[in-house]
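Below: the structure, in structure tokens.
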Amino acid sequence: MWPASSAGLAGLLAFAAGVGAYGWVGIFFVISAEAGGRGQAGLLSGVAFASIVLGLLVGPPVFGLLLEGSDSYAVAWAVYAALSGLVALVSVLAGPAIDRESGVRS
């Protein structure tokens with residue numbers, strides 16, 4: 001968003017962004033395991049990990065292709081933002097599928 005005036009400031013900003021970017025993984029695994037209960041926790045944790053790795057392997061090249069194809073960072077970031085919004089919407093709509101109030105444990 002803005003130019004960093006020093007290498008130290010850029011490093012601090014990169015560190016803070018990295019903590020934010022990778023800090024959610026533990027929560028993601030807990031929610032994945034909780035969604036399936038005791039019987040499906042291992043399977044869902046594996047699927048969650050596979051989706052993270054797939055995103056890490058496929059996301060950057062696709063972003064680069066969008067960037068090169070459009071010659072615009074705005075287009076590449078807009079597609080990324082739209083996908084993030086879609087994930088947020090699906091999370092909100094699918095959230096009630098995890099019924100924590102029923103008292104039934106699997």
Looking at side-chain heavy atoms only, is the closest gap between Val79 and Leu83 below 4.5 Å?
-> yes
Separation between OG (Ser45) and CD (Gln40), nearest 0.5 Å, reads 10.5 Å
Tightest non-hydrogen contact, residues Val75 and Ser70, listed as CB-OG, 3.5 Å
Which atom pairs, donor and acceptor, lie under 3.5 Å between side-chain atoms of residues 50-66 and protein residues at least two apart or in another chain?
residue, atom, partner, partner atom, Å
Ser51, OG, Ala48, O, 2.7

Open item on the list: Is there a continuous path of hydrophobic side-chain contacts, each under 4.5 Å between heavy atoms, that joins Leu44 to Phe49?
Closed with: no
